[in-house]
Amino acid sequence: NYEASMKLIELGWDSEDPTYRRYFTSRIAPEATPEMVRDFDQLQKISVPRENLHNFFDFDAHLDVTDEAKSIKCPVLLVHSRGDLMVPFSDGEYLASLLKNCQFVPLAGNNHALVPGTKGFDQGVNAMEEFLRNTENINVQ
């Protein structure tokens with residue numbers, strides 16, 4: 001997946017043809033409406049230069065936060081779609097297990113990002129609102 005992503009970025013990110021960016025859109029928001037997909041394809045093109053995305057994917061592929069995650073003390077909310085096509089659900093569960101004070105909320109659907117109009121969106125927003133209400137007065141030492 002890493003090699004394919006890097007090649008797609010290299011070959012077509014800057015193209016007027018959205019086909020190359022559509023690969024990423026389809027993994028980030030597979031449940032998006034056709035209008036959302038079109039808009040997201042365009043947003044990616046104008047907001048993320050090819051070189052930046054290439055560097056991000058390379059950095060992300062080699063990132064290990066295991067030790068750092070174990071040292072986080074503040075409350076953490078981690079929402080993760082069960083069918084996430086970008087990051088396996090098991091990776092979300094594993095990260096949540098490393099965080100001492102983590103509330104892990106599995107979301108319905110396959111989206112990596114919260115997509116308005118989907119069940120996972122409502123679940124995610126509700127979880128965030130509840131988390132913020134319950135943690136707004138917590139002082140972490």
Side-chain angles (χ1 to χ4, degrees), residues 1-15 17-141:
N1 195 3
Y2 168 76
E3 291 84 12
S5 295
M6 294 298 267
K7 198 63 164 172
L8 286 170
I9 292 166
E10 176 187 326
L11 293 174
W13 191 258
D14 294 328
S15 172
D17 180 356
T19 304
Y20 295 95
R21 292 180 302 280
R22 183 70 47 94
Y23 167 77
F24 298 98
T25 302
S26 69
R27 294 176 56 78
I28 293 168
E31 297 170 11
T33 66
E35 295 80 20
M36 289 175 174
V37 167
R38 184 190 64 244
D39 292 346
F40 193 74
D41 286 343
Q42 186 61 23
L43 178 63
Q44 290 180 102
K45 183 175 191 263
I46 63 174
S47 65
V48 183
R50 181 176 48 86
E51 183 177 326
N52 289 11
L53 186 62
H54 190 277
N55 291 340
F56 171 76
F57 265 85
D58 190 50
F59 172 78
D60 190 50
H62 301 97
L63 182 64
D64 181 359
V65 296
T66 304
D67 292 333
E68 290 82 0
K70 292 175 184 176
S71 68
I72 294 174
K73 297 176 185 173
C74 67
V76 174
L77 172 66
L78 179 58
V79 296
H80 198 118
S81 295
R82 291 187 182 277
D84 189 329
L85 299 177
M86 285 292 284
V87 177
F89 185 74
S90 58
D91 286 3
E93 290 179 308
Y94 176 66
L95 179 58
S97 75
L98 298 175
L99 297 162
K100 294 178 176 128
N101 194 5
C102 181
Q103 178 185 347
F104 182 70
V105 178
L107 301 179
N110 302 317
N111 295 312
H112 180 68
L114 291 176
V115 176
T118 64
K119 190 174 182 180
F121 179 82
D122 292 337
Q123 285 179 288
V125 169
N126 291 339
M128 286 182 234
E129 288 174 345
E130 181 181 332
F131 179 80
L132 292 171
R133 269 194 304 276
N134 293 334
T135 58
E136 67 183 24
N137 295 317
I138 291 178
N139 184 8
V140 178
Q141 299 296 324

- Note on the structure: side-chain hydrogen bond (donor to acceptor under 3.5 Å, both in side chains) filter on S47, not counting sequence neighbours, yields none
- Could you note down all residue pairs passing salt bridge (charged side-chain N to carboxylate O under 4.0 Å, His left out) where residues 29-41 supplies at least one of them, sequence neighbours left out? R22-D41
- Message: When you compare the side chain of E3 with that of K7, does any pair of heavy atoms fall below 4.5 Å?
- Response: no
- Note on the structure: Applying salt bridge (charged side-chain N to carboxylate O under 4.0 Å, His left out) to K70 and not counting sequence neighbours gives none
- Message: For the SG atom of C102 and the CG atom of L95, what is their distance to the nearest 0.5 Å?
- Response: 7.0 Å
- Main-chain N/O of N111 paired to S81 side chain as donor or acceptor, under 3.5 Å: yes
- Is the distance between the ring centroids of W13 and Y23 less than 6.0 Å? no
- Kindly give the heavy-atom pair with the smallest separation between Q123 and A108, and that separation in Å. OE1-N, 2.7 Å
- Shortest non-hydrogen pair, I9 vs F24, comes out as CG1-CZ, 3.6 Å
- Task: Answer yes or no: is there a side-chain heavy-atom contact under 4.5 Å between H62 and Y2?
- Result: yes
- Query: Among all residues two or more places apart in sequence or in another chain, which pass the salt bridge (charged side-chain N to carboxylate O under 4.0 Å, His left out) test with R27?
  - Reply: none
- Just wondering, do T25 and Q44 contact through their side chains at under 4.5 Å, heavy atoms? yes
- Message: Within the supplied structure, the quantity of interest is the number of heavy atoms (other residues, nucleotides, ligands) at a distance under 6.0 Å from E129 CD; does it exceed 12?
- Response: yes
- Message: So does V87 get a backbone contact from the side chain of H80, meaning a donor-acceptor N/O pair under 3.5 Å?
- Response: yes
- Task: Kindly check if the number of other-residue, nucleotide or ligand heavy atoms within 6.0 Å of OH (Y20) is above 12?
- Result: no
- Say you draw a straight line from CG of L107 to NZ of K119; how long is it, rounded to the nearest 0.5 Å? 11.0 Å
- Ring center gap for F104 and F89 short of 6.0 angstrom: yes
- Task: Sort and list the pairs that fulfil salt bridge (charged side-chain N to carboxylate O under 4.0 Å, His left out) and have at least one residue in residues 58-69, not counting sequence neighbours.
- Result: none
- Nearest-0.5 Å distance that lies between atom CZ in F57 and atom CG in L8: 9.5 Å
- From CG (L85) to CG (N110), nearest 0.5 Å: 5.5 Å
- Message: Using side-chain heavy atoms (C-beta onward) and a distance below 4.5 Å, is N101 in contact with L99?
- Response: no
- Task: List for me each residue that meets salt bridge (charged side-chain N to carboxylate O under 4.0 Å, His left out) alongside D84, sequence neighbours excluded, and say none if there are none.
- Result: none
- Could you check if a side-chain atom of N55 sits within less than 4.5 angstrom of a side-chain atom of F59, using non-hydrogen atoms only? no
- Message: Please determine whether side chain to side chain contact (heavy atoms under 4.5 Å, CB included) holds for the pair L78 and Q103, giving the CA-CA distance in whole Å, both sets of side-chain angles, and the decisive distance to 0.1 Å.
- Response: CA-CA 6 Å; L78 179 58; Q103 178 185 347; over 6 Å; no
- Do the charged groups of R133 and E130 touch, with an N to O distance under 4.0 Å? no
- Determine, step by step, whether D17 and S15 satisfy the side-chain hydrogen bond (donor to acceptor under 3.5 Å, both in side chains) criterion, reporting the C-alpha distance in whole Å, the side-chain angles of both residues, the deciding distance to 0.1 Å, and the verdict. CA-CA 5 Å; D17 180 356; S15 172; 5.1 Å; no
- Message: Within this structure, what is the CE-OG distance for the pair M86 and S26, rounded to the nearest 0.5 Å?
- Response: 9.5 Å
- 4.5 Å side-chain heavy-atom contact, L114 and M128: yes
- Message: So H54 and P49, do their side chains get closer than 4.5 Å, heavy atoms only?
- Response: no
- Starting from the C-alpha separation in whole Å, work towards a yes-or-no answer on side chain to side chain contact (heavy atoms under 4.5 Å, CB included) for M6 and E10. CA-CA 6 Å; M6 294 298 267; E10 176 187 326; over 6 Å; no
